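First comes the structure, then the notes that go with it.
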Number of protein chains: 2
Amino acid sequence: MAITIKDIARAAGVSYSTVSKALNDSPLVQPKTKEKIHQVARKMGYEPNFAAQQLVSKQSKTIGLIWPTLERTAYSTLVTQLNNEIKKQGFSMILSVNPADSSLELFKRCHVDGAIIFDEGNSVPSPITAPFPVVSYGAGWQDHFSLIDVNYQAAMFKAVDYLQQLGHHSITFIGDFSPLDSHQKEKYIGFQQAMNHFNLPVHQQSFINSAGLEWYDGYQATKRMLQGSSRPSAVVGASYDISAGVVRAIRETNLIIPKDISIVGYDNIPQMSTLEVPLTSVGVPVELIAEQIVSLLFKQLETDSAEQVTKKLEPVLTERNSCARVNNP
Amino acid sequence: MAITIKDIARAAGVSYSTVSKALNDSPLVQPKTKEKIHQVARKMGYEPNFAAQQLVSKQSKTIGLIWPTLERTAYSTLVTQLNNEIKKQGFSMILSVNPADSSLELFKRCHVDGAIIFDEGNSVPSPITAPFPVVSYGAGWQDHFSLIDVNYQAAMFKAVDYLQQLGHHSITFIGDFSPLDSHQKEKYIGFQQAMNHFNLPVHQQSFINSAGLEWYDGYQATKRMLQGSSRPSAVVGASYDISAGVVRAIRETNLIIPKDISIVGYDNIPQMSTLEVPLTSVGVPVELIAEQIVSLLFKQLETDSAEQVTKKLEPVLTERNSCARVNNP
DNA sequence: TAATATAATAACAACGTTGTTATTTTAAAG
DNA sequence: CTTTAAAATAACAACGTTGTTATTATATTA
């Protein structure tokens, strides 16, 4: 049986309510007694009973994270960041890999103070609610929860803008054209609009469908592109994995990045620097995403507002070593 | 404020203790009243307070999983399986991505009934304990917790045995030779012993160091191998990712699997079937690993024994479509 | 030295459950 | 109709905390 404050009270010769106050550093108890109680508690190896604290305080100091698509490894950095960010607030994070509805059920029972959802939500038809604030990342739950989103179109605009400033005219977009993926679609549209805006030539070969998000998909798409008649001077990769494939395919063809061809990737994650060629990329830095998600969640937690906020984050371009100025005019 | 059994009692015109019994399907309450109480509870949207239940029952019906190395994606299938297996027992799983010691701290506060650790544990010097049973997967915590391990040597033996039965003599092992990775080392040794056992020729080129666990590592290692003078008739890949790289490198060289070259991969995970070529592989099926971890944990939970058990699982070979009989004698 | 203010501690209710014990209601038997 | 047994329900303590209120000990003032 675990040690309780009553055990400590008995051992220290005081009442258990005094022990409670002492351990919570209340000013209502004499420094001397406080010190003694702390000592006894430490010696007896006291661990507060979380269930009891929760029952009376109605707070668990825990945030639940719902991540049913474990396989999407792109999120793993974000998860780690979120964990840190939540820890900073003195809270703990627990993770559930179940679908949103049953995860929320679990979290209700665990009495988390708030939750974060990664799930795209396309699979759940019935409206679900939670008795605590929920922030979702990515689209899908707009009707139910607050949302942190990314301005993908702006991201592609920045990529194209940057490349045209370096003198590039012939730019190819490599991404997954699956109609189900709204993020990919937005990137596609953003690229197209940017090309039009800068009066850059757009034709069939300006868009290459990787037909998948894994890096072998980007790899194969790039091989196909390089076998074609005309080679662009720059490529925009629509995700980290796809861009990694692009890099490998290009290097295997004995072309040099960025001398022969420039690349801008999407996703502003640290891994971009550890590719064979550190990749210049656009995207919202994960630290920022994590910080925004957590701060929105805690704001809702403090103000106790059930209001549903949507916030679109602006991407930034991070220069690394994969783009060069085009010399021939 | 959430609905409690007292609210239900008032609404149904009975005492709250009767409500408690009715909701727990106790035989001490009349079926008729039971039915009525259930109806009222449902209508009022009652959700039991977990903290209160926990406080009195001393059970949380929750298992904690510690997985600090989120980046190791090979575990993700296992995590999903564990989740299912735990759900089957009527328990829930929560996940922590913090290091083992602070995760256990969190789990103590959440009052989980048991925990599973993936962490290799090479980073934690101080002995740590937990007030609940803990099962670890992979090596490292032998001194503290029960362990589910895999007989990697037997796995390699089975791979070689299978290939030699098909008539292969020239077999190459591709894996990571990092001295830090005890699993990889065991596979290496197992392969070597098996080759000796069957009197198969072993030379320098029989072992190729991928110097990494990602599939590009296996890819490059294979390319190097294929550029060499003599080509083996079969390859053993030391992990899923490495084997995936092997497959891609071989196919790009316009060799046909398994006509020109046979492959056996390590890791018996479903993804093996979805590679370009469904890969014959050795390893303990993830479902079995998950089942073993969970059943060991629950056995300890039931018997309340702090005894530290170690169990080594025997791998099996699953035939798919990557191996062929060698015709020339 | 008694009256009063203040600091320190103790006592106790509450949180929402479960399990045990006490009471009431109902049915069966004489 | 009582008396007795059984079934159904109600009452209540307990779980380990926290916060509020009541009590005691100590210091201050007249």
Side-chain angles (χ1 to χ4, degrees), chain A residues 1-41 44-62 90 107-113 131-132, chain B residues 1-41 44-62 90 92 108-113 131-132:
Chain A
M1 198 45 142
I3 306 293
T4 74
I5 50 172
K6 294 191 182 176
D7 299 319
I8 298 174
R10 214 171 307 122
V14 294
S15 81
Y16 66 86
S17 54
T18 305
V19 174
S20 170
K21 286 177 191 59
L23 294 177
N24 288 317
D25 206 24
S26 156
L28 294 173
V29 36
Q30 226 184 351
K32 215 178 70 187
T33 12
K34 212 186 273 188
E35 178 53 36
K36 191 178 69 187
I37 290 172
H38 269 107
Q39 259 174 0
V40 174
M44 297 180 77
Y46 169 74
E47 290 283 348
N49 183 315
F50 204 48
Q53 287 182 327
Q54 220 172 292
L55 183 59
V56 56
S57 74
K58 269 113 171 55
Q59 255 216 89
S60 64
K61 291 244 170 203
T62 306
F107 287 167
K108 250 185 247 177
R109 289 153 38 97
C110 288
H111 277 249
V112 301
D113 295 325
F132 41 75
Chain B
M1 196 46 140
I3 306 294
T4 74
I5 51 172
K6 293 189 182 175
D7 300 318
I8 297 173
R10 214 171 306 123
V14 295
S15 79
Y16 66 86
S17 54
T18 305
V19 174
S20 170
K21 288 177 190 60
L23 294 177
N24 289 316
D25 207 24
S26 156
L28 294 173
V29 37
Q30 227 184 350
K32 214 178 69 188
T33 13
K34 211 186 277 188
E35 177 55 34
K36 191 178 69 186
I37 290 173
H38 268 107
Q39 260 174 358
V40 174
M44 297 180 76
Y46 169 73
E47 290 284 348
N49 182 314
F50 205 47
Q53 286 183 327
Q54 220 173 290
L55 183 60
V56 57
S57 73
K58 269 112 170 56
Q59 256 214 87
S60 65
K61 291 244 169 202
T62 306
S92 304
K108 250 184 247 176
R109 288 153 38 96
C110 287
H111 276 247
V112 303
D113 295 326
F132 41 74

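We name chains A, B, ... by the order of the sequence lines, and we start the count at 1 in each one. Keep in mind it's a predicted model, so treat the numbers as computed, not measured. The analysis underlying the following values was restricted to heavy atoms, covering all of them including side chains, and did not include hydrogens, waters or symmetry mates.
For residues 26-38 of chain B, the pairs satisfying salt bridge (charged side-chain N to carboxylate O under 4.0 Å, His left out) are B/D25-B/K34, with sequence neighbours left out. Counting only residues at least two apart or on different chains, the salt bridge (charged side-chain N to carboxylate O under 4.0 Å, His left out) pairs with a member in residues 6-19 of chain B are B/D7-B/R10.
D/dA14 atom P lies 17 Å from atom CG of A/N49, rounded to whole Å. Atom-to-atom, CG of A/L55 to C1' of D/dT18 comes out at 10 Å; the value is rounded to the nearest Å. One can place OH of A/Y46 at 8 Å from C1' of D/dG16, the figure rounded to the nearest angstrom. At whole-Å resolution of the value, CD in B/Q59 and P in C/dG16 are 22 Å apart. As a whole-Å value, the separation of B/D25 CG from D/dA8 C1' is 16 Å. Atom CD1 of B/I37 is separated from atom P of C/dT17 by 14 Å (rounded to the nearest Å). Computed from coordinates, the A/I5 CD1 to D/dC15 P distance equals 12 Å when rounded to whole Å. Across the protein-nucleic acid pair, A/K58 atom NZ and D/dT17 atom P stand 17 Å apart, rounded to whole Å.
In this view, A/T62 and A/F50, A/S60, A/I94, A/V112 satisfy the side chain to side chain contact (heavy atoms under 4.5 Å, CB included) rule, not counting sequence neighbours. B/S57 pairs by the side chain to side chain contact (heavy atoms under 4.5 Å, CB included) definition with B/Q59, not counting sequence neighbours. Residues meeting the side chain to side chain donor-acceptor pair (under 3.5 Å) test with B/S26, sequence neighbours left out: none. Listed by chain and number, the residues in a salt bridge (Lys or Arg N to Asp or Glu O under 4.0 Å) with B/K108 are B/E105 (sequence neighbours excluded). With sequence neighbours excluded, no residue forms a side chain to side chain donor-acceptor pair (under 3.5 Å) with A/T33.
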Are there any protein N/O atoms within less than 3.5 Å of an N/O atom in nucleotides 19-28 of chain C, and if so, which ones and at what distance?
| from | atom 1 | to | atom 2 | distance (Å) |
| --- | --- | --- | --- | --- |
| C/dT20 | O4 | B/K21 | NZ | 3.0 |

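Of all heavy-atom pairs between A/H38 and A/A22, the closest is CE1-O, 3.2 Å. Taking every heavy atom of both residues into account, A/I3 and A/G45 meet most closely at CG1-O, 4.3 Å. The heavy-atom pair separating B/D113 from B/F132 by the smallest distance is O-CB, 3.4 Å.
Each of A/V29 and B/E47 lies near DNA chain C, and the nucleotide nearest A/V29 is the one positioned closer to the 5' end.
Between the CD atom in B/Q54 and the CG atom in B/N49 there is a gap of 9.5 Å [rounded to 0.5 Å]. Distance check: A/K61 NZ to A/Q53 CD gives 10.5 Å after rounding to the nearest 0.5 Å.
Listed by residue number, B/G13, B/V14, B/S15 are the residues of residues 7-15 of chain B with a heavy-atom contact under 4.0 Å to DNA chain D.
At least one side-chain nitrogen or oxygen of B/T33 sits closer than 4.0 Å to the OP1 or OP2 atom of D/dT9. In this structure, B/Q30 does not reach the D/dA7 phosphate: none of its side-chain N or O atoms is under 4.0 Å from OP1 or OP2. Here A/Q53 reaches the OP1 or OP2 of D/dT18: one of its side-chain N or O atoms lies under 4.0 Å away.
When the local axes at the two ends of the helix from C/dT1-D/dA30 to C/dG30-D/dC1 are compared, using 5 base pairs at each end, they differ in direction by 70° after rounding to 10°.
Here B/F50 lies out of heavy-atom contact (under 4.0 Å) with every strand.
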